[in-house]
**Student:** 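Here you go, one structure.
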Amino acid sequence: MLALGMIIPVLPKLVEDFVGGNAGRAAEIYGLFGTVWALMQFVGSPVLGALSDRYGRRPVILLSNFGLGFDYIVMALAPTVGWLFLGRVISGITSASGATAGAYIADVTPPEKRAGAFGMLSAAFGLGFVLGPALGGVLGNIDPRLPFWVAAGLSLLNAMYGFFVLPESLPPERREAFAWRRANPMGSLTLLRSHAELFGLAIVNFIGNVAHEALPTTFVLYAMYRYGWNESTVGIAFAAVGICSAIVGAGMVQPMVARLGERRVVLAGLICGVAGFAIYGIAWSATIFWIGVPVNALWGLSGPPMQGMMTRRVKTSEQGQLQGALSSLRGIAFMIGPMLFATTFARFIDPRRESHLPGAPYLLASSLVAIATLLAWRATRHTESEEIANFPVSTEATAP
């Protein structure tokens, strides 16, 4: 995530340089890059997840990291915008190994501790994505291609660490035969329909991923338009969001799950998401907006225990397929969210409209999370003890 975040500040500028400084054309191309990247996540995640169920998690993770390192080298040397496009395609496929990482955690972590483990992974993602753009901006001022070289070095270093240190988590006797009906995106999604709670939580997860796109899609324009912030203040705000999210993921998830149980923590986190987005949307001053940052960060309490609950509804040999299916849904959300919230923001600040509501994207996101909260409440009405008793197959996942 650190390597991925490093190229965020420099890739748009590099695209603009390739099209002769035409900002409008660069924006169109960059938007296409984002859509294609999400599409590759949608297609690649279930394939990598199914491959990890067949051949183990370790080879898939290693190939992904080596592939990312090669990809960043291609982008660093890219002579045309077409080569950059190829690099984004490769990046979308190889970075889809997040599904395999989730399956690895499910393999080696007892069910009662998975929420905390997924929370740690979430915190690592958050910190990487906060520090990455900051480091990329500094390196980009030296040379716009330097962040790509450093990102390549980090990915290859990651691969070497995995090669020498990372053990395999899925023994051969617990692997599943590879089949394209499980590996293609639509086929992988059928697993989510195997149990009512699993399907319900997958829908909740999908709606949450759509709502999540409200902030990265519109925040820069929103903060500058409504509060008159400059780039520096926006950067500080992004850092605050990332730090608060990391604190929640690393320090709060496991203790709260141990104290309150997964279901209550999921619902509490979703309610905080509803409140946080609502504060963002109605914040008539920057001070009110800052109040929303820690409130919205508590939304991060919901994801890890939700993921932990879903891992208990499938066999050990299906963990990769599960994570791949969830990543495919995430890819769809990443294709829907940016257009949805960007269009909403544009329409509600249009001077030709009678209603002027710049916070409309966040109020829409709040409404989506409210719907997700109701669905989560309905999908998890049974007690955890009853659920586990009804699904003894989940005990397979407790073995390291």
Side-chain angles (χ1 to χ4, degrees), residues 1-6 8 57 61 65 95 97-135 154 157-158 161-162 165-166 169 201 204-205 208-209 211-212 215-216 235-273 275-277 290-312 319 323 326-327 330 369 397 400:
M1 291 306 292
L2 182 64
L4 188 65
M6 284 175 57
I8 289 177
R57 319 300 184 199
I61 291 174
N65 280 286
S95 62
S97 64
T100 309
Y104 193 108
I105 287 177
D107 291 341
V108 301
T109 311
E112 68 275 9
K113 294 184 179 180
R114 283 180 193 163
F118 284 124
M120 292 293 291
L121 186 64
S122 176
F125 273 38
L127 283 178
F129 213 68
V130 168
L131 298 176
L135 181 57
L154 288 173
L157 183 64
N158 215 22
Y161 172 84
V165 177
L166 186 73
S169 65
L201 290 178
V204 171
N205 187 266
N209 281 320
H212 177 270
L215 202 61
I236 292 172
F238 266 125
V241 170
I243 291 170
C244 288
S245 298
I247 291 173
V248 170
M252 296 181 64
V253 171
Q254 188 60 42
M256 290 195 66
V257 167
R259 185 177 182 85
L260 301 176
E262 288 178 330
R263 182 175 189 262
R264 291 178 180 175
V265 174
V266 167
L267 295 176
L270 289 168
I271 291 170
C272 288
F277 276 125
W290 281 110
I291 293 174
V293 171
V295 175
N296 193 253
L298 291 172
W299 180 29
L301 288 171
S302 64
M306 193 187 315
Q307 206 166 355
M309 293 169 77
M310 286 189 282
T311 62
R312 292 206 304 273
Q319 294 295 339
Q323 298 300 328
L326 295 176
S327 292
R330 191 178 306 120
V369 180

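A quick note: this is a predicted structure, and the numbers were derived from the prediction, not measured.
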**Student:** Quick one: does any side-chain atom of R57 pair with a main-chain N or O of T100 as donor and acceptor, under 3.5 Å?
**Tutor:** no
**Student:** How close do T109 and R114 get, counting heavy atoms only, and between which atoms?
**Tutor:** O-NE, 3.0 Å
**Student:** For residues 296-309, which residue pairs pass the side chain to side chain donor-acceptor pair (under 3.5 Å) check, not counting sequence neighbours?
**Tutor:** Q307-Q323
**Student:** Please find the pair of heavy atoms, one from M309 and one from V266, that lie closest to each other, and give the distance.
**Tutor:** SD-CG2, 4.2 Å
**Student:** Partners of C272 by side chain to side chain contact (heavy atoms under 4.5 Å, CB included), sequence neighbours excluded?
**Tutor:** L298
**Student:** Would you mind writing out the side-chain donor-acceptor pairs for residues 117-132 within the sub-3.5 Å range, not counting sequence neighbours?
**Tutor:**
none

**Student:** Any idea which heavy atoms bring Q254 and K113 closest together, and the distance?
**Tutor:** OE1-O, 3.6 Å
**Student:** List for me each residue that meets side chain to side chain contact (heavy atoms under 4.5 Å, CB included) alongside A237, sequence neighbours excluded, and say none if there are none.
**Tutor:** F219, W229, W290
**Student:** First locate atom CD1 of I271, then atom CG of L301, and finally report the distance between them rounded to the nearest 0.5 Å.
**Tutor:** 11.5 Å
**Student:** Indicate the atoms forming the closest heavy-atom contact of E262 with A115, along with that distance.
**Tutor:** OE2-CB, 4.4 Å
**Student:** Return the set of residues passing side chain to side chain contact (heavy atoms under 4.5 Å, CB included) with V295 (not counting sequence neighbours), or none when no residue passes.
**Tutor:** A275, I279
**Student:** Tell me, please, which residues at least two apart from N65 pass side chain to side chain donor-acceptor pair (under 3.5 Å).
**Tutor:** N158
**Student:** Are any non-hydrogen side-chain atoms of V253 and P305 less than 4.5 angstrom apart?
**Tutor:** yes
**Student:** Considering residues at least two apart in sequence or located in another chain, which fulfil the side chain to side chain contact (heavy atoms under 4.5 Å, CB included) criterion with L260?
**Tutor:** M256, R264, V265
**Student:** Between C244 and V248, is the side chain to side chain contact (heavy atoms under 4.5 Å, CB included) condition met? List the steps.
**Tutor:** CA-CA 6 Å; C244 288; V248 170; 5.6 Å; no
**Student:** Does V204 form a side chain to side chain contact (heavy atoms under 4.5 Å, CB included) with L270? I'd like the steps, not just the answer.
**Tutor:** CA-CA 10 Å; V204 171; L270 289 168; 4.2 Å; yes
